[in-house]
Amino acid sequence: MSENRAAETTPAGVSPLRRKISAAVLLTLIVVLLIEVRAGAGHSLSGSALQAASEDGVFERKLLSDVEAMLRIAPEKAVVRESLDEIEYRYSWFSLLRPLLQRPQAEFFVVATRNADPPYALLYNTEAPSQQSIEAGRRRLDSIGKFDMENAPDATDESDAPDAPDAPGKSDTPTAPVETSID
């Protein structure tokens, strides 16, 4: 019987079952740590980039694609609110411990133009902006004269602009808007 028991334990005296349980717990802790580091680092790096590119959370002539390029470590994107001329996106990084520790979510909210092609980012915040802050941001952009939808620069270079009136292959048929699904 003592020979049987000696075969079940390792030389250090730890059973194989205990080693497997310890390895599973350690692997779980490593996965949680990686998720939290990804959320924290993505939020922090993105926040620094957004802060450097805006003044008090208001963008001046910044394309939405440029703002999205500033967001680091692949955040999830979801549509929060839509209106006739604006759309609000939420960019977030999944975190397991933030809700448990009652810490704010790792997320940014970006309000962008809807009727411009390409869309422009208007403002960002760490909380969903209220209608008052959106209006204040719009008034600020209008007052400094740095965002005028009619005079907004086109994203394409004028030398190869296929949308020019005389360009061959220009289609007069309107394109249908692309629907965004929210998961």
Side-chain angles (χ1 to χ4, degrees), residues 31-157 161-163 174-183:
V31 168
V32 170
L33 177 67
L34 290 174
I35 289 171
E36 294 306 313
V37 167
R38 177 188 173 270
H43 188 251
S44 177
L45 292 171
S46 299
S48 298
L50 291 172
Q51 188 175 15
S54 67
E55 185 177 321
D56 296 328
V58 177
F59 296 107
E60 298 173 4
R61 290 195 173 275
K62 207 49 125 165
L63 292 173
L64 180 61
S65 59
D66 293 342
V67 170
E68 288 177 338
M70 293 179 208
L71 301 173
R72 304 286 185 235
I73 312 179
E76 294 178 24
K77 178 181 179 180
V79 175
V80 177
R81 182 184 56 83
E82 295 183 65
S83 69
L84 291 175
D85 58 344
E86 295 172 344
I87 188 164
E88 181 181 342
Y89 297 102
R90 179 175 78 99
Y91 299 93
S92 63
W93 294 263
F94 178 71
S95 173
L96 291 169
L97 296 180
R98 284 178 184 254
L100 294 174
L101 299 175
Q102 298 177 352
R103 293 188 58 210
Q105 287 292 333
E107 60 190 3
F108 288 109
F109 293 86
V110 176
V111 177
T113 60
R114 184 182 181 114
N115 54 0
D117 187 29
Y120 282 83
L122 299 174
L123 57 101
Y124 86 96
N125 202 338
T126 55
E127 300 172 352
S130 65
Q131 188 62 33
Q132 294 164 337
S133 66
I134 292 171
E135 292 297 326
R138 189 180 301 137
R139 282 192 304 270
R140 180 173 175 203
L141 287 171
D142 290 341
S143 70
I144 58 177
K146 293 188 177 181
F147 191 82
D148 180 13
M149 287 304 299
E150 280 99 32
N151 297 323
D154 193 11
T156 59
D157 184 17
D163 294 334
T175 58
V178 177
E179 293 294 323
T180 306
S181 64
I182 301 172
D183 294 333

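One is the number of the first residue; the rest follow in order along the sequence.
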Report yes or no: does Arg38 contribute a side-chain atom to a donor-acceptor pair with the main-chain N or O of Trp93 at less than 3.5 Å? no
Considering all heavy atoms, the nearest Val80-Arg90 contact: CG2-CB, 3.4 Å
Tightest non-hydrogen contact, residues Lys77 and Glu68, listed as NZ-OE2, 2.7 Å
With a 4.5 Å heavy-atom cut-off, do Met70 and Ser46 have their side chains touching? no
Please check this pair: side chain of Gln105 against backbone of Arg98, looking for a donor-acceptor N/O pair closer than 3.5 Å. no
Tell me, do Tyr124 and Gln51 make a side-chain contact under 4.5 Å, heavy atoms counted? yes
Rounded to the nearest 0.5 Å, what's the gap from CZ on Phe59 to CG on Leu122? Could you check? 9.5 Å
Pairwise side-chain contact, Leu100 with Leu97, heavy-atom cut-off 4.5 Å (strictly under): yes
Where Glu127 and Phe109 come nearest, the two heavy atoms and their spacing: C-CD1, 3.2 Å
If every non-hydrogen atom of Val111 is compared with every non-hydrogen atom of Glu88, which pair is closest and at what distance? CG2-CG, 4.1 Å
From Tyr120 OH over to Asn115 CG, what is the distance, rounded to the nearest 0.5 angstrom? 12.0 Å
One pair to check against side chain to side chain contact (heavy atoms under 4.5 Å, CB included): Leu71 and Leu50. What are the steps and the verdict? CA-CA 8 Å; Leu71 301 173; Leu50 291 172; 3.9 Å; yes
Contact summary for Glu76 and Phe94, nearest pair of heavy atoms: OE2-CB, 4.2 Å
Can you tell if the side chain of Pro75 reaches within under 4.5 Å of the side chain of Phe108, non-hydrogen atoms only? no
Scanning both residues in full, the closest heavy-atom pair of Ala39 with Ala106 reads O-CB, 3.9 Å
Using the side chain to side chain contact (heavy atoms under 4.5 Å, CB included) rule, take Leu34 and Val37 through it: C-alpha gap first, then chi angles, then the decisive distance, then the call. CA-CA 5 Å; Leu34 290 174; Val37 167; 5.6 Å; no
Nearest-0.5 Å distance, CZ of residue Arg114 to CD of residue Glu82: 4.0 Å
Would you say that Leu64 contacts Tyr89 through its side chain, given a criterion of any heavy-atom pair below 4.5 Å between the two side chains? yes
